[in-house]
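Sequence lines set the chain letters: A, B, ... in the order given, protein chains first and strands last, and positions in each chain run from 1.
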Amino acid sequence: MKLGAAGMASSAWGGCFSSPKPIPGKILGASVKVGHLLRSGSFPIPEEIGEKSVVIVGGGIAGLSAGWKLQKAGFTDFTLLELENEVGGNSQSGGNDYSAYPWGAHYLPIPNPESAYVRELLEDLHLIEGYDSNHLPIYDEYSLCHPPQDRLFIHGRWQDGIEPKSSLSAEDKLQFERFWKIVDRFKKAKGSDGKRAFAIPLVLSSRDQRFLALDKMSAAQFLSAEQLNSKYLIWYLNYCCKDDYGATIETVSAWAAIHYFASRIGVGANAGPQSVLTWPEGNGHLVEALRAKISPHIHTGSLVYSIDSQPDFSHVDFFDLATQRSFRIRAQNVIFAAPRFIAQQTIPKLPRIQGGKYSPWMIANITLKQLPAEIMDSFSWDNVIYESESLGYVVATHQRLDRLLRGTVLTYYCPLVDPDISKSRKMLLERTHEEWVDLILKDLQRPHPSIRQYIENIDLWRWGHGMIIPTPGYIWGETQQDRLRTFQKIHFAHSDMSGISIFEEAQYHGVQAAESILRNLKTTHHTQNAYEFPI
Amino acid sequence: MQFLLLASAFVVATCGLIYELIAGTLASYLLGDSVTQFSTIIGVYLFSMGIGAYLSRFFNRNLIRVFIQVEFLIGIIGGSLGAVLFLLFPWIEHFRVALYALVSIVGIFVGLEIPLLLRILQDRFEFKELVSKVLTFDYIGALVASLLFPLVLVPQIGLIRTGFLFGAFNVFVALLSLYIFKKELKWVVSLKVTGFFCLTALIAGFFLSEKITSYAEQSQYPSRIIYSKSTPYQRIVVTENHQDYRLFLNSNLQFSSKDEYRYHEALVHPAVSGVKSPCHALVLGGGDGMAVRELLKWESIEKITLVDLDPEMTQLFSSKNILRELNQNALLSPKLQIINADAFTWLKSNQSSFDIVVLDFPDPSNYSLSKLFTTSFFKILYERLTPGGAIAIQCTSPLVARKSFWCIDATLKSVGFMTTPYHAYVPSFGEWGFIIASHQPFQIVKPFCPNLRFVSEKSFASMLQFPDDMSSIPVKINTLNNHCLVQYFESEWSEYSH
Ligand SMILES: Cc1cc2nc3c(=O)[nH]c(=O)nc-3n(C[C@H](O)[C@H](O)[C@H](O)COP(=O)(O)OP(=O)(O)OC[C@H]3O[C@@H](n4cnc5c(N)ncnc54)[C@H](O)[C@@H]3O)c2cc1C
């Protein structure tokens with residue numbers, strides 16, 4: 001095991017020099033084997049197990065939200081099939097003796113007024129406790145991120161907030177000011193159709209060509225047209241695009257990059273525009289709440305490998321990983337809530353459309369044994385390192401209320417942003433645990449020279465297709481309508497449909513699909529024939 | 001004689017490196033982050049040596065005399081460097097400035113040494129041989145220093161003593177040169193006197209260094225430390241000065257035995273006098289047992305629960321004689337149950353209700369304390385209080401930290417409490433603030449305990465008056481997600497202490 005020079009020096013001077021033992025840990029991740037299985041297409045002949053009004057394919061936020069909406073409407077004749085052993089998809093979480101921690105999505109920003117479904121869900125979960133006299137939601141204080149929220153390690157020291165503040169020249173500062181002015185203009189901008197330029201969910205955004213034109217260029221092109229080139233500003237914007245889309249400003253469309261800044265206007269009675277909702281397990285908290293509401297309908301370990309679509313029903317074939325048997329459900333409606341590229345693989349009759357690009361991600365959960373109080377007390381929730389390949393780490397125990405004497409877990413985020421995505425993906429899969437640990441240590445030892453001696457374990461998660469990337473032309477291009485269109489009785493619901501991978505988009509499409517089915521069912525009243533699920 | 005001169009080069013080099021190592025080690029020890037400290041110290045030191053070497057060209061006469069004087073100065077400044085830094089650390093705010101300034105000064109003088117020595121010796125050796133010999137001894141000296149320092153000096157002699165010892169070596173080299181060159185020098189006597197003076201000072205430093213180290217910790221406290229312990233949560237220090245016992249947590253005064261009765265009587269008794277027949281009392285914080293002592297004066301209170309984070313605190317105040325005398329064995333009372341837990345999580349998970357609650361937490365100077373003054377915490381307290389009950393809260397100084405005080409008041413009100421703010425004068429603290437929180441408007445319903453030294457119905461009435469300089473002002477409400485109290489508190493107290 002190689003050790004960064006800094007780490008070596010510090011332990012030598014610390015006087016407790018001992019040859020470092022390798023750091024233990026596992027590599028986890030969405031089952032690569034299952035993906036291969038899907039492509040190979042060799043499955044046992046399915047056994048027919050009856051009929052369902054609605055089959056939901058995929059138990060990420062979109063699929064779970066569809067289930068939540070159906071269940072809330074008193075509708076019970078549905079089944080959710082998820083291939084992994086746990087639901088949650090990109091919002092999954094894990095845990096150990098010290099804390100629960102996220103494996104992907106870790107926060108939800110304060111929702112906009114137009115994000116009505118998100119607010120409805122938060123009310124259901126008592127995360128919105130009520131409304132004040134100005135109709136502003138009152139959020140659950142335990143879930144609002146406690147200060148200090150974020151900090152940046154830059155030029156050898158920590159500063160508050162992620163936007164670089166120290167050693168900026170007058171010109172750098174001016175450029176930041178200009179950038180924020182542009183954002184502010186877009187925040188308030190409305191199109192000729194009277195809609196906000198950038199809304200969440202993004203289908204509510206204005207279709208005014210003035211704004212949509214921004215989707216035809218990259219964020220980098222937009223910035224150079226605006227003559228914004230301060231190295232600090234560019235670093236900051238790259239950081240933000242990597243954080244939300246797993247890609248750099250060269251790869252992401254200008255519309256998407258501006259959406260990140262200009263769309264969010266949500267505030268609460270007790271929450272400002274920068275506030276976020278977070279939990280030790282990240283959005284795994286919301287996953288669990290949704291799961292609990294519809295758990296009898298959920299079947300995990302179920303790989304949907306083929307959907308034979310007919311004008312008024314579909315045959316959904318799935319492989320049960322536990323029993324190694326295949327089953328077929330005759331579904332009156334399907335909500336397809338798995339990624340779009342899976343739809344192309346599993347629904348042979350679905351007209352081909354140009355697919356999107358997905359960014360690979362590596363997430364590490366770093367378990368630390370008891371830390372010196374100075375380090376512990378200085379953590380912010382989100383800790384970012386300037387000019388690092390990674391996005392830094394969030395501290396799982398940040399929201400805890402008791403004085404912490406035990407260890408903690410840092411969740412470390414690293415999107416692989418090489419423009420050649422297949423190269424990145426290959427790197428993601430080829431690097432060994434030891435190589436990843438080496439890179440993580442080198443990065444973290446910059447702000448924390450002595451961190452190695454506190455690390456107990458590092459588990460890694462590889463997301464081969466982590467997030468859809470809103471490349472120029474993806475969000476508002478030709479395929480946009482095709483992505484949203486219902487195919488026969490198959491409704492699509494996944495954050496891929498928007499082209500922006502965030503909780504709000506996933507949830508919106510899930511709920512929309514459920515509502516449109518509920519509307520149809522009301523008009524053509526079907527008798528619900530209940531049946532026992534055989535597995 | 002040649003040998004003696006070369007030996008001087010060796011000693012001088014050893015001393016030079018030792019000072020650099022002392023500064024580096026001490027800076028890492030005091031400031032942490034050893035990599036940064038060592039690299040910056042080494043960098044500054046070497047650079048200053050360069051300056052010294054450059055400056056050497058400006059000395060053209062009396063080179064031997066200059067060399068001797070430089071050695072004296074290095075001996076004194078370098079030798080006492082460790083001790084001076086150690087003593088300065090608790091006192092000055094910009095410690096790094098002093099650190100690098102001192103390191104630069106020593107570096108500049110050390111940088112002068114070798115060029116001066118070379119020039120002094122240039123007529124006595126062939127140039128080729130001179131450079132080779134002096135530099136060889138110089139580098140050997142460096143090696144010896146870097147091996148001796150971690151292996152022998154620091155573990156055997158200690159950091160500060162090592163400084164004085166090597167300072168003495170520098171002076172010794174000066175005196176040796178004085179002896180060798182006495183014929184070529186003027187004013188030998190005055191140099192000799194200076195030399196012996198320096199030597200005595202350094203030897204004295206060497207023998208007193210233990211005292212210096214303990215003074216450095218002691219100097220943070222005005223009086224004698226009789227107990228000190230670092231627990232995982234805090235540093236507990238008890239001092240004594242003419243029968244005045246003081247408790248410090250993380251260097252913040254918690255009480256002085258001379259006047260703590262004022263504080264604790266004012267904290268506890270008004271609230272209890274407003275509750276008809278309190279039965280079950282809860283004390284949060286207050287591991288010193290003083291608030292419990294006051295509660296025990298009320299017969300009707302049958303059961304007291306004390307929740308303090310730090311087991312060492314409650315242990316200390318229930319075992320050490322002097323401290324048990326102070327709290328009159330309160331922590332040993334059969335009515336008392338002691339729980340060592342975090343007050344927030346304990347209260348959240350415990351469903352019992354209480355007639356009296358006393359919040360005796362340290363001031364809200366950081367997030368983990370400020371959370372105990374938030375809407376979320378007060379909401380839970382509201383539920384745990386019996387209908388006629390009262391909560392007494394220590395709320396820092398309304399005079400020094402006016403916004404902080406009224407912020408706590410506003411936060412209590414925002415969750416539905418009625419509040420009764422009052423204040424009392426506690427000499428060792430100054431003007432101090434308290435708030436009683438209750439479901440209904442608060443009223444004194446029964447006489448105060450007899451035998452109290454400070455509070456009475458009459459004096460309490462006057463405590464309710466807030467003069468203009470500490471009366472209510474508009475403030476924000478403290479919540480888990482804004483902790484505005486920490487900001488108020490920090491800015492108000494830092495303004496006050498400047
Ligand atoms: C590292 C990372 C960090 C993120 N951080 C945030 C964040 O902080 N905040 C935020 O709002 N968003 C974040 N996101 C975005 C995140 O993708 C969305 O919030 C949301 O979880 C997307 O949900 P989804 O339902 O659209 O998709 P997915 O999570 O992709 O769900 C699809 C589900 O379908 C299942 N599935 C796939 N194929 C099949 C099949 N053939 N048969 C059955 N089931 C199948 C999958 O296993 C998966 O469970 C992050 C994403 C990543 C990768």
Side-chain angles (χ1 to χ4, degrees), chain A residues 4-17 110 129 132 138-149 156-158 268-272 274-278 370-381 398-406 445-451, chain B residues 21 24-25 27-29 31-42 150-151 154-155 230-235 250 309-311 340-349 366-372 374-380 414-415 476-487:
Chain A
M8 188 110 106
S10 79
S11 53
W13 289 122
C16 48
F17 188 80
I110 296 301
E129 292 169 342
D132 75 354
I138 302 166
Y139 288 94
D140 171 44
E141 258 181 44
Y142 294 102
S143 305
L144 286 168
C145 182
H146 303 163
Q149 186 160 320
R157 50 166 55 201
W158 290 102
N270 55 351
Q274 304 294 324
S275 304
V276 300
L277 296 159
T278 189
Q370 192 187 325
L371 286 164
E374 314 84 74
I375 304 185
M376 204 61 224
D377 291 344
S378 70
F379 278 140
S380 288
W381 169 63
H398 182 80
Q399 299 288 94
R400 274 175 73 143
L401 294 167
D402 49 345
R403 235 0 245 285
L404 196 72
L405 281 184
R406 302 175 57 221
Q445 277 168 342
R446 270 166 62 200
H448 306 299
S450 62
I451 196 160
Chain B
L21 292 172
T25 312
S28 321
Y29 170 57
L31 302 172
D33 190 2
S34 48
V35 180
T36 315
Q37 306 310 343
F38 261 98
S39 356
T40 51
I41 295 277
I42 291 174
L151 298 177
V154 177
S230 286
T231 77
Y233 301 100
Q234 58 201 347
R235 179 148 181 85
N250 297 335
L309 183 61
D310 195 347
N340 293 118
D342 184 275
F344 201 123
T345 37
W346 181 84
L347 194 69
K348 204 165 176 232
S349 59
N366 60 36
Y367 296 121
S368 31
L369 288 165
S370 156
K371 73 181 187 203
L372 302 165
T374 54
T375 45
S376 296
F377 186 67
F378 290 156
K379 267 184 211 160
I380 311 174
S414 78
V415 304
K476 286 196 279 187
I477 287 167
N478 190 42
T479 66
L480 280 176
N481 63 311
N482 72 8
H483 280 296
C484 63
L485 181 56
V486 176
Q487 280 134 42

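- By the 4.5 Å heavy-atom criterion applied to side chains, Ser370(B) and Phe377(B) are not counted as neighbours.
- Contacts of Lys379(B) with chain A are made by side-chain atoms alone, with heavy-atom separations under 4.5 Å and no backbone atom involved.
- Minimum heavy-atom separation, Glu141(A) to Ser376(B): OE1-OG, 2.6 Å.
- Comparing Thr375(B), Leu480(B), Thr479(B) by how many heavy-atom pairs each has under 4.5 Å with chain A, the most go to Leu480(B).
- When heavy atoms are compared at a cutoff of 4.5 Å, Asn482(B) approaches chain A solely by way of its backbone atoms N, CA, C and O.
- Counting heavy-atom pairs closer than 4.5 Å to chain A, the top residue among Val486(B), Leu309(B), Asp342(B) is Asp342(B).
- Interatomic distance, OG of Ser275(A) versus OH of Tyr139(A), reported as 9.5 Å (0.5 Å rounding).
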Test log, rule side chain to side chain contact (heavy atoms under 4.5 Å, CB included), inputs Val276(A) and Trp381(A): CA-CA 11 Å; Val276(A) 300; Trp381(A) 169 63; 3.9 Å; yes
